[in-house]
Amino acid sequence: QQQVRQSPQSLTVWEGGTTVLTCSYEDSTFNYFPWYQQFPGEGPALLISILSVSDKKEDGRFTTFFNKREKKLSLHIIDSQPGDSATYFCAASASGSNNRIFFGDGTQLVVKP
Amino acid sequence: NSKVIQTPRYLVKGQGQKAKMRCIPEKGHPVVFWYQQNKNNEFKFLINFQNQEVLQQIDMTEKRFSAECPSNSPCSLEIQSSEAGDSALYLCASSLGTGNYAEQFFGPGTRLTVL
């Protein structure tokens, strides 16, 4: 059973535009939600994360929103750059899980100049 | 930037052969994770360790997969008898703790191809 679902599977935006990625989850015990960025040939790297007690976290051009009632979250990238072209993974984990992370299937983002 | 080191970067094996890959976690990180990322970008948690002790592992690893993190040596993941379905990117990650807020730092992975 897929614990974390992402959409869209792929997305193309123009340079300078806003990218919006969405994610939903099933397990109500999840309380930590990291977003990972992965470039070809590399492992995933933490981009931004949010705890379930918050509804928004911002880091530069990247903002993640969290809706606990709907079990949904999103990642917004403003002023998207060609260097942002990568695969983005929504993930989730729960306290007491030995930090086991459940990943979504990713969104492949292409930012065109 | 992550300093998790994984070797080899690429591994090609025939069906039924052993496949072994290694991971050196970031210095000072006692917790190590192994994940499998398939061609559809689906991640599967395999096993994690704290120092040399297994914390959690899925059923798959109890059969053909084995892993260890010996003291003062690289961690390793070994597939005893490779199958075509094992072809994937195997990612090692390390973190400072087991609390779920502890960031996991990933290596570049070992890409296994089973012919």
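Note that the structure is predicted; figures quoted are calculated from it, not measured. Letters A, B, ... mirror the listed sequences (proteins, then strands); counts begin at 1.
- Criterion: ILVMFWY side-chain heavy atoms under 4.5 Å apart, direct or through other members. Under it, B:Phe45 and B:Val54 are part of a common hydrophobic cluster.
- Of the two parts of A:Leu51, only the side chain, counted from C-beta on, holds a non-hydrogen atom closer than 4.5 Å to a non-hydrogen atom of chain B.
- If you measure heavy-atom distances from A:Pro34 to chain B, you find no contacts under 4.5 Å at all.
- Both the backbone and the side chain of B:Leu55 come within contact range of chain A, judged by heavy atoms closer than 4.5 Å.
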Step through the atoms of chain B and chain A and list each donor-acceptor pair whose separation is under 3.5 Å.
{"residue": "B:Arg9", "atom": "NH2", "partner": "A:Gly41", "partner atom": "O", "Å": "2.8"}
{"residue": "B:Tyr35", "atom": "OH", "partner": "A:Ile101", "partner atom": "N", "Å": "3.4"}
{"residue": "B:Gln37", "atom": "OE1", "partner": "A:Gln38", "partner atom": "NE2", "Å": "3.1"}
{"residue": "B:Gln37", "atom": "NE2", "partner": "A:Gln38", "partner atom": "OE1", "Å": "2.9"}
{"residue": "B:Asn48", "atom": "ND2", "partner": "A:Asn98", "partner atom": "O", "Å": "3.0"}
{"residue": "B:Thr98", "atom": "O", "partner": "A:Asn99", "partner atom": "N", "Å": "3.2"}
{"residue": "B:Gly99", "atom": "O", "partner": "A:Asn99", "partner atom": "ND2", "Å": "3.4"}
{"residue": "B:Asn100", "atom": "ND2", "partner": "A:Asn31", "partner atom": "OD1", "Å": "2.6"}
{"residue": "B:Asn100", "atom": "ND2", "partner": "A:Ser93", "partner atom": "O", "Å": "3.4"}
{"residue": "B:Asn100", "atom": "ND2", "partner": "A:Ser93", "partner atom": "OG", "Å": "3.2"}
{"residue": "B:Ala102", "atom": "O", "partner": "A:Asn99", "partner atom": "ND2", "Å": "2.9"}
{"residue": "B:Gln104", "atom": "NE2", "partner": "A:Asn99", "partner atom": "O", "Å": "2.6"}

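- Neither the backbone nor the side chain of A:Phe102 comes within contact range of chain B; no heavy atoms are under 4.5 Å apart.
- Note on A:Phe65: it does not cluster hydrophobically with A:Phe33, by side-chain heavy-atom contacts below 4.5 Å among ILVMFWY residues.
- Ranked by heavy-atom pairs under 4.5 Å with chain B, the list A:Pro44, A:Gly104, A:Gly41, A:Gly43 is led by A:Pro44.
- The disulfide bond (SG atoms under 2.5 Å apart) analysis of residues 75-113 of chain A, with sequence neighbours excluded, yields the pairs A:Cys23-A:Cys90.
- Hydrophobic clustering (ILVMFWY, side-chain heavy atoms < 4.5 Å, transitive): B:Ile47 and B:Ile58 are in one cluster.
- The ring of A:Phe89 has its center closer than 6.0 angstrom to the ring center of B:Phe43.
- B:Ile24 and B:Phe33 end up in different hydrophobic clusters when Ile, Leu, Val, Met, Phe, Trp and Tyr side chains are linked at under 4.5 Å.
- Following chains of ILVMFWY side-chain contacts shorter than 4.5 Å, one can reach A:Ile48 starting from A:Leu73, so the two form part of one hydrophobic cluster.
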